[in-house]
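To find a chain, count down the sequence lines: A is the first, B the second, and so on, and within it residues start at 1. Excluded from the calculations below are hydrogen atoms, water molecules and symmetry mates; all remaining heavy atoms, backbone and side chain alike, are included.
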Amino acid sequence: MSVRVRFAPSPTGGLHLGGVRTVLYNYLFAKHHGGKFIVRIEDTDQTRFVEGAEQYIFDCLKWCGLEPDESVIHGGELGPYKQSERKESYRKYGELLVAHGHAYYAFDTKEELEQMREANKTPENPSPQYDHRIRKKMRNSLNLTDSEVKDLLEQNTPHVIRIKMPEHDVINFTDMIRGEISFDTSLVDDKVLLKADGMPTYHLAVVVDDYLMKITHAFRGEEWLPGAPVHLLLWKYLGWEKQMPQWAHLPLILGPNGKLSKRDGAKYGYPVFAMNWLDPKTNELTEGFKEKGFLPEAFINMLALLGWNAGTEQEVFTMEELIEHFSMERVHAGGAKFDYEKAKWFNHEWMQKKEVRSMKYEIGRLLETNNIPVNDEALLEKVIELVRERCTLLTDFVQQAGFFFKTPETIDADAVKTKWNDEKKNFFIEFTKQLQSLGNWSMTEIETVFKNLAAEKNIKAGELQLPMRVMLVGGKFGPAVFQIAELIGKEETVKRVGNALKVL
RNA sequence: GCCGUGUUGGUCAAGGGGUUAAGACGCCUCCCUUUCACGGAGGAAUCACGGGUUCGAAUCCCGUACAUGGUACCA
């Protein structure tokens with residue numbers, strides 16, 4: 001049977017690091033086994049709908065290079081790929097469960113549920129569950145007579161369907177990452193399967209949809225582990241046990257204190273979403289890795305290694321290599337703390353590795369939006385090659401490459417002033433004169449002129465290089481100074497030295 | 001509180017009975033370079049704790065602690 005996995009996000013906001021990693025592991029697993037990667041939108045909670053969130057998720061996946069094989073926008077044979085559009089199919093499974101005695105109707109109102117919790121609350125049990133003990137005292141089809149239930153149903157009394165958990169049973173299964181896991185059903189509550197509005201809860205929907213969509217392996221965050229016994233039972237009660245997918249519960253990605261949140265991102269200055277997310281309700285902007293200056297390859301590479309490793313020393317992987325080496329068994333079971341420094345390291349690695357041609361366009365645009373005109377593509381390529389090792393984020397190119405295309409607006413005069421004197425000033429005056437008449441404008445020629453003149457004037461060439469650099473680039477950074485002079489050209493070099501001399 | 005899961009350096013982690021306990025990031029020292037970066041050479045963990053089992057435990061078992069998730073008609 002061919003592998004089919006799914007990522008099932010609810011379109012309620014930005015796409016979190018942890019979400020992308022879940023997608024990634026699904027994707028890698030599917031591709032490794034030559035299977036299909038499916039995206040299913042879980043929008044059963046209509047109160048949490050957020051405009052634009054669905055499109056945003058697909059945009060992020062595209063940026064990451066994790067294209068689904070089947071989804072709302074990619075199509076597929078086993079749709080619809082959105083739960084709200086499958087609404088009709090859930091009710092009948094709920095009814096079926098009731099008919100077979102595995103579930104029941106519950107007519108309790110919100111107030112009654114609150115009362116129940118309040119009445120049963122003790123210091124030892126601060127949050128009482130609707131479980132096998134409590135259900136005997138509530139308004140549900142287990143306690144009402146058949147005709148009472150029938151009447152209530154006919155009057156369209158709001159009700160839900162709840163699973164009837166066995167009183168004493170042990171449920172166990174093998175998690176692909178964690179091995180054997182077992183639960184005592186007497187400690188699990190009677191989860192709502194079908195809500196009063198007719199929508200399924202996650203518990204019912206995930207089972208029905210995974211079955212209908214022929215999902216073979218179900219991967220999700222560790223936060224779902226406590227819900228597993230409900231799902232396992234549902235697969236069994238619905239008679240689909242043989243088709244049940246294999247499970248793996250992925251470890252959490254943690255922040256400095258607990259689960260990583262967008263709050264952490266804001267606080268520590270790093271992104272937690274894949275791409276910028278503007279919440280239409282609050283108008284709050286949460287920064288994304290993309291806009292921060294990350295390469296998708298680096299972002300994916302970093303995420304892949306956060307909780308998984310190939311068992312070798314390799315750390316930099318292309319998507320193809322990840323697909324080749326990935327296995328769920330090598331995913332670490334413990335949660336991993338996100339390390340922004342390491343994330344930046346991955347980006348730096350990828351900036352060195354990636355083809356200049358495929359970064360050129362984006363870097364060019366970045367410079368343009370920072371008011372640095374780029375009108376020489378060949379020069380841009382040369383510059384990128386020259387300065388990339390000094391860039392950690394794409395945005396670093398603004399400083400590191402900008403001065404090749406635009407005269408610095410200010411120069412770091414303090415950096416040269418401490419050791420500045422008239423002899424040096426005279427050196428530069430004469431140097432520019434000699435440059436003007438230089439025939440062959442190449443870095444070696446320029447350097448020769450520079451060194452000869454320095455020797456002639458009896459000044460250490462080294463002491464003149466820093467001033468020269470600051471004059472050309474504006475600060476103490478950048479590649480070899482004569483290389484810079486060569487690339488910006490004679491006219492510009494002479495001009496920049498002249499400008500600098502005026503303020504020194 | 002109860003239930004689940006987890007715990008190897010600051011971080012990601014390899015290793016699953018006998019190893020000087022890999023590697024990477026970050027940090028520190030030095031070299032290269034009279035910018036910055038790259039590169040190179042070094043430095044820093046006894047494996048949460050306590051009991052077992054064993055000739056021998058980071059590795060197996062049991063407790064404890066801590067962390068984390070769940071305990072919603074949210075996913």
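At the heavy-atom level, A:Thr12 lies nowhere under 4.0 Å from the strands shown. Base engagement by A:Glu463 is indicated by at least one non-hydrogen atom pair under 4.0 Å involving a base atom. Backbone-only engagement by A:His332 is indicated by non-hydrogen atom pairs under 4.0 Å involving sugar-phosphate atoms exclusively. Looking at heavy-atom distances under 4.0 Å, A:Gly475 makes no contact with the nucleic acid at all. Using a 4.0 Å heavy-atom distance criterion, A:Arg117 is classed as a sugar-phosphate-only contact. Here A:Gly478 lies in heavy-atom contact (under 4.0 Å) with a base. At the heavy-atom level, A:Glu341 lies under 4.0 Å from the strands shown only through sugar-phosphate atoms. As judged by a 4.0 angstrom heavy-atom cut-off over every strand, A:Asp108 is placed among the base-contacting residues. Across all strands shown, A:Arg178 has heavy atoms under 4.0 Å from sugar-phosphate atoms exclusively, and none from any base. Using a 4.0 Å heavy-atom distance criterion, A:Phe183 is classed as a sugar-phosphate-only contact. At the heavy-atom level, A:Glu42 lies under 4.0 Å from the strands shown only through sugar-phosphate atoms. Residue contacts for A:Arg220: at a heavy-atom cut-off of 4.0 Å it reaches no nucleic acid atom on any strand shown. The residue A:Lys460 sits close to a base: some heavy atom pair falls under 4.0 Å. Residue A:Ile181 is in sugar-phosphate contact alone, with no base atom involved, counting any heavy-atom pair closer than 4.0 Å across all strands shown.
With 3.5 Å as the limit, one finds a donor-acceptor pair spanning the side chains of A:Asn140 and A:Tyr130. A donor-acceptor pair shorter than 3.5 Å can be found between the side chains of A:Glu492 and A:Thr407.
The CD atom of A:Gln115 lies 9.5 Å from the CG atom of A:Leu113; values are rounded to the nearest 0.5 Å.
The shortest side-chain heavy-atom distance between A:Arg220 and A:Thr22 does not fall under the 4.5 Å cut-off. Under the 4.5 Å side-chain criterion, counting only non-hydrogen atoms from C-beta, A:Tyr56 is in contact with A:Phe273. A:Leu142 places none of its side-chain heavy atoms less than 4.5 Å from the side chain of A:Lys136. The shortest side-chain heavy-atom distance between A:Phe294 and A:Trp350 does not fall under the 4.5 Å cut-off. The shortest side-chain heavy-atom distance between A:Lys281 and A:Val50 falls under the 4.5 Å cut-off.
Nucleotides B:G69 and B:G63 are separated by 24 Å at their P atoms, to the nearest Å. Comparing the same atom, C1', in B:C47 and in B:A57 gives a spacing of 11 Å after rounding to whole Å. For B:U68 and B:U11, the P atoms lie 14 Å apart once the distance is rounded to whole Å. Nucleotides B:U54 and B:A48 are separated by 23 Å at their P atoms, to the nearest Å. Separating the P atom of B:G40 from that of B:G23 is a span of 14 Å, rounded to the nearest Å. Taking atom C1' on both nucleotides, B:G6 is separated from B:C49 by 16 Å, rounded to a whole Å. Taking atom P in both B:C61 and B:U7, the straight-line distance is 13 Å, to the nearest Å. With C1' as the reference atom, B:G52 and B:A44 are 33 Å apart, rounded to whole Å.
For A:Gln400 and A:Leu113, each mapped to the nucleotide of RNA chain B holding its nearest heavy atom, the one lying further toward the 5' end belongs to A:Gln400. Two residues, A:Pro123 and A:Tyr130, neighbour RNA chain B, and the one matched to the more 5' nucleotide by heavy-atom proximity is A:Pro123.
Considering A:Leu250, A:Leu303, A:Leu322 as possible partners of A:Tyr25, the one that fulfils the side-chain contact (heavy atoms from CB on, under 4.5 Å) test is A:Leu250. Applying side-chain contact (heavy atoms from CB on, under 4.5 Å) to A:Glu42 and the options A:Arg6, A:Gln83, A:Lys82 leaves one that passes, A:Gln83.
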Base-pairing string, 5' to 3', of RNA chain B - Watson-Crick or wobble, under 3.5 Å, | interstrand
((((((((.[[[..)..(....]]].(((((.......)))))....[[[[[..)....]]]]])))))))....
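Using a 4.0 Å cutoff to heavy atoms of chain A, the contacted part of RNA chain B runs 5' to 3' from B:G1 to B:A75.
The stretch residues 446-470 of chain A participates, sequence neighbours left out, in these ring pair (Phe, Tyr, Trp, His ring centres under 6.0 Å) pairs: A:Phe427-A:Phe450, A:Phe431-A:Phe450, A:Phe450-A:Phe482.
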